[in-house]
Amino acid sequence: MFEAKFQSFADASSSHDSATRIAALREELARQNLDGFLVPRADAHQNEYVPKSAERLAWLTGFTGSAGFAVVLAQEAAIFVDGRYVIQVRQEIDGKIITPIDISETAPSKWLAEHAREGARIGYDPWVHTSGQIERFARAVEGKKIALVPLDANPIDGLWADRPSDPMGLVAIHPARYAGETAAPKIKKLREALKDADAALMSDPHAICWAFNIRGADVAHTPIVLAFALLPREGAPTLYVDDAKLDAKTRAALEKFLTLRAPAELISDLTETGKRGETVMFDAATAPVKLVETLRAAGGKPRVTEDPAALPKAIKNKAELAGAREAHIRDGAALTRFLAWFADAAPKGALTEITAAEAAETFRRESGDLRDISFPTISAFGEHAAIPHYRVTEKSNLKIGKGVYLIDSGAQYIDGTTDVTRTVVVGRASKQLKDHFTRVLKGHIAIARAVFPKGVTGAQLDAFARRYLWEAGLDFDHGVGHGVGSYLSVHEGPQRISKMGATPLQPGMILSNEPGYYRAGEYGIRLENLIIVEKREIAGAEREMYGFESITLAPFDLNCVEPKLMNAEETAWLNAYHAQVRKTLSPLVDAKTRKWLREATQAI
């Protein structure tokens with residue numbers, strides 16, 4: 001009945017091979033007179049989702065998370081992960097071979113400085129590191145005279161016998177009715193941001209896709225084209241993309257406003273640019289150090305700074321916002337059908353984490369508009385829900401019984417990207433669960449109801465979502481919200497609501513609102529809607545004020561709510577939100593789901 005077409009639940013970890021693979025890497029390093037090697041979880045664009053051919057960290061260590069970094073020395077090795085993956089990494093790696101380390105406690109550069117011998121030669125692939133990353137390592141190891149050596153070829157690629165080929169997904173033109181404007185005004189905006197630079201090297205595929213109104217199929221779950229672009233102050237931009245990704249119609253459309261060249265020609269073109277002494281902007285977050293140093297070596301002046309496309313891409317236009325709202329109505333109907341089905345099926349005891357994930361994807365697919373899921377579904381029961389980025393596999397798959405179930409899922413539609421989390425209880429909710437759930441819900445509502453002046457950053461709002469957990473001595477280790485793209489990445493910067501969110505929030509930005517609480521070994525709670533920053537008119541206001549519009553539509557589980565913990569404003573918000581969900585979605589679902597929805601959204 002249900003199936004997953006956009007995700008796999010196979011156990012992708014290869015930790016059983018890590019001892020052999022690390023030993024082979026060490027032999028190759030010794031042959032090249034190297035004492036160690038840096039292994040980021042990254043491709044040439046620092047993407048969150050990378051092609052299979054760039055999953056070097058997973059191949060070497062067995063760790064399959066979306067963020068990580070390994071350092072391999074002659075006698076020891078370490079892998080560094082953030083708070084999302086401290087549990088997962090221990091489950092996937094061979095702890096006898098690799099030491100797992102929380103990156104918030106020890107940075108890879110510090111560990112290398114402490115563990116590598118004085119005068120050691122540490123190799124790295126300059127295509128998968130940024131200039132900033134290498135500079136941090138250089139500063140950390142300078143005292144021990146450790147040399148960082150850029151390599152012409154990644155040694156892992158030579159050892160990876162069955163390494164997948166690079167992706168060749170077809171490029172598609174993103175229609176202007178969804179993009180909201182043609183490429184021309186976007187290119188004009190980017191040129192204005194060049195200031196006194198002669199050109200910008202665009203290395204973020206999301207920025208390239210946004211600027212040129214294209215989408216691709218090179219990585220899972222995010223419709224991007226793996227490519228580089230060179231945007232000069234005058235003349236046509238150059239897009240460096242493999243010819244196999246272009247059909248005749250797309251090629252003709254692109255050649256109207258840009259020049260197409262093969263990726264292999266980028267180095268020679270940058271070299272010629274450098275010989276002319278030109279100043280080129282590079283994105284500090286995504287540009288490979290290889291490209292920066294190529295320009296510098298040729299006599300050019302690299303300027304490593306913020307991507308000029310990041311902010312205009314984050315501020316959605318009217319068409320993009322309209323598309324996001326429509327996508328969320330469609331997505332909300334599918335998710336509500338899933339929640340109604342789950343409420344009926346779960347108590348019968350026949351469901352597993354995998355069957356639930358398959359069902360959620362199927363309900364979305366039945367809309368007829370689903371292009372992909374926006375990330376692998378987090379379908380987590382019981383103790384697995386306490387792992388924020390848990391990924392169910394055939395090996396880890398739990399049967400769903402009485403207890404807490406968390407589903408974090410999303411979709412890619414041509415008019416918008418969705419990301420939503422709901423936590424529900426099978427059976428009766430304990431007093432403790434109700435307390436924790438309601439504190440998370442109060443934090444969610446605090447963000448949803450926030451009103452703030454122009455110039456406020458996500459860091460200034462972060463505590464709004466944590467206050468009620470803090471009052472009980474509780475907290476969570478991830479940010480409150482991340483930016484979301486327009487039929488692009490489900491995780492987009494520079495906007496975010498977190499302790500490190502330094503970008504002022506502006507109308508048109510889409511973010512997530514997802515506070516949580518995780519009780520290790522027992523359960524986890526996360527409640528997530530997407531929100532749009534909007535202007536707020538306040539009588540007598542002396543400053544320009546902003547607030548949020550919640551666009552996700554799906555009920556929260558009232559069985560987990562303790563009304564006595566909520567004040568009148570919070571109760572009014574929840575009842576109004578549920579009334580909106582009921583009114584909007586009831587016409588779009590079947591009679592059985594409609595009946596369940598009426599009960600699930602009743603006023604408290």
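Because the structure is a prediction, the values reported are computed rather than measured. Below, each value reflects all heavy atoms present in this structure, side chains not excepted, and no hydrogens, waters or symmetry copies.
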Matching residue for Arg364 among Asp369, Asp331, Asp372 - test: salt bridge (charged side-chain N to carboxylate O under 4.0 Å, His left out)
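The option that passes is Asp331.
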
May I have all residue pairs that pass salt bridge (charged side-chain N to carboxylate O under 4.0 Å, His left out) and include part of residues 346-357, sequence neighbours excluded?
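As it turns out, the salt bridge (charged side-chain N to carboxylate O under 4.0 Å, His left out) pairs with a partner in residues 346-357, which skip direct neighbours, are Asp344-Lys348.
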
Tell me, which pairs form a salt bridge (charged side-chain N to carboxylate O under 4.0 Å, His left out) where one or both residues lie in residues 546-566, sequence neighbours left out?
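As it turns out, the salt bridge (charged side-chain N to carboxylate O under 4.0 Å, His left out) pairs with a partner in residues 546-566, which skip direct neighbours, are Arg325-Glu549.
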
Indicate whether any N or O donor in one side chain lies under 3.5 Å from an N or O acceptor in the other, for [X] and [Y].
X	Y	answer
Tyr85	Glu92	no
Asp204	His206	yes
Tyr390	Ser379	no
Thr352	Asn397	yes

Under a 4.5 Å cut-off applied to non-hydrogen side-chain atoms, are [X] and [Y] in contact?
X	Y	value
Cys560	Leu441	no
Leu553	Ile329	yes
Thr417	Leu530	no
Val50	Arg41	yes
Leu505	Tyr546	no
Ile551	Leu321	no
His478	Arg526	yes
Pro223	Arg371	no

Any ring-ring contact (aromatic ring centres under 6.0 Å, His included) involving residues 317-339? Give me the pairs, sequence neighbours left out, ordered by first then second residue.
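Those involving residues 317-339 are Phe338-Trp341, Phe338-Phe342.
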
Please, which pairs that meet ring-ring contact (aromatic ring centres under 6.0 Å, His included) have at least one residue in residues 580-604, sequence neighbours excluded?
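Passing the test, one end in residues 580-604: no pairs.
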
Identify the two heavy atoms, one from [X] and one from [Y], that lie closest to each other, and give their separation to 0.1 Å.
X	Y	result
Ala227	Ile208	O-CD1, 3.2 Å
Phe437	Thr423	CE1-O, 3.5 Å
Arg56	Ala42	NH1-O, 4.1 Å
Thr601	Pro555	CG2-CB, 3.9 Å
Asn567	Lys442	N-NZ, 4.4 Å
Gly521	Ala386	N-CB, 4.2 Å

Donor-acceptor pair, distance only, cut-off 3.5 Å: does the side chain of [X] make one with the backbone of [Y]?
X	Y	result
Glu55	Lys52	no
Glu361	Lys5	yes
Glu383	Tyr523	no
Arg594	Val589	yes
Arg466	Leu474	no
Arg467	Ala463	no
Asp247	Thr250	yes
Thr355	Leu351	no
Arg496	Gly483	no
Asn559	Arg428	no

Is any side-chain N of the basic residue among [X] and [Y] closer than 4.0 Å to the acidic one's carboxylate O?
X	Y	answer
Lys431	Asp435	no
Asp307	Lys313	no
Lys316	Glu492	yes

Tell me, please, which residues at least two apart from Tyr577 pass side-chain hydrogen bond (donor to acceptor under 3.5 Å, both in side chains).
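Per chain and number, Tyr577 pairs via side-chain hydrogen bond (donor to acceptor under 3.5 Å, both in side chains) with Arg422, Asn529.
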
Before giving the answer on side chain to side chain contact (heavy atoms under 4.5 Å, CB included), spell out for Thr418 and Thr552 the whole-Å C-alpha distance, their side-chain angles and the decisive distance to 0.1 Å.
CA-CA 8 Å; Thr418 72; Thr552 300; over 6 Å; no

Quick check for you: to the nearest 0.5 Å, what is the distance between [X] atom [atom1] and [Y] atom [atom2]?
X	Y	atom1	atom2	result
Arg337	Leu585	CZ	CG	12.0 Å
Glu394	Ser8	CD	OG	6.5 Å
Leu170	Asp218	CG	CG	9.5 Å
Ile407	Glu528	CD1	CD	12.0 Å
Glu3	Arg365	CD	CZ	5.0 Å
His482	Asp419	NE2	CG	4.5 Å

Suppose we screen for side chain to side chain contact (heavy atoms under 4.5 Å, CB included). Which residues come up paired with Pro376, at least two apart in sequence or across chains?
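Here the qualifying residues are Gln7, Tyr49, His221.
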
Is the number of heavy atoms from other residues, nucleotides or ligands under 6.0 Å of Asp477 CG greater than 12?
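Atom CG in Asp477 is not crowded, with 12 or fewer foreign heavy atoms closer than 6.0 Å.
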
Using ring centroids (six-membered ring only for Trp), state whether His389 and Phe375 fall under 6.0 Å.
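Judged by ring-centre distance (under 6.0 Å), Phe375 and His389 do not meet the cut-off.
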
Kindly state whether the ring of Phe548 and the ring of Phe452 have centres lying under 6.0 angstrom apart.
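Ring-ring flag for Phe548/Phe452: true, centres closer than 6.0 Å.
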
Within 45° of the ring axis of Tyr413 and under 6.0 Å from its six-membered ring centre, is that where the NZ or CZ of Arg330 lies?
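Verdict for Tyr413: a cation-pi partner in Arg330.
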
Might you work through the side chain to side chain contact (heavy atoms under 4.5 Å, CB included) test for Ile604 and Leu574, ending with a clear yes or no?
CA-CA 8 Å; Ile604 62 170; Leu574 181 61; 3.8 Å; yes

Determine, step by step, whether Tyr487 and Asp415 satisfy the side chain to side chain contact (heavy atoms under 4.5 Å, CB included) criterion, reporting the C-alpha distance in whole Å, the side-chain angles of both residues, the deciding distance to 0.1 Å, and the verdict.
CA-CA 6 Å; Tyr487 188 43; Asp415 52 355; over 6 Å; no

Under the side chain to side chain contact (heavy atoms under 4.5 Å, CB included) rule, what do Ile497 and Asn513 come out as? Steps first, then yes or no, please.
CA-CA 8 Å; Ile497 303 174; Asn513 172 11; 5.7 Å; no

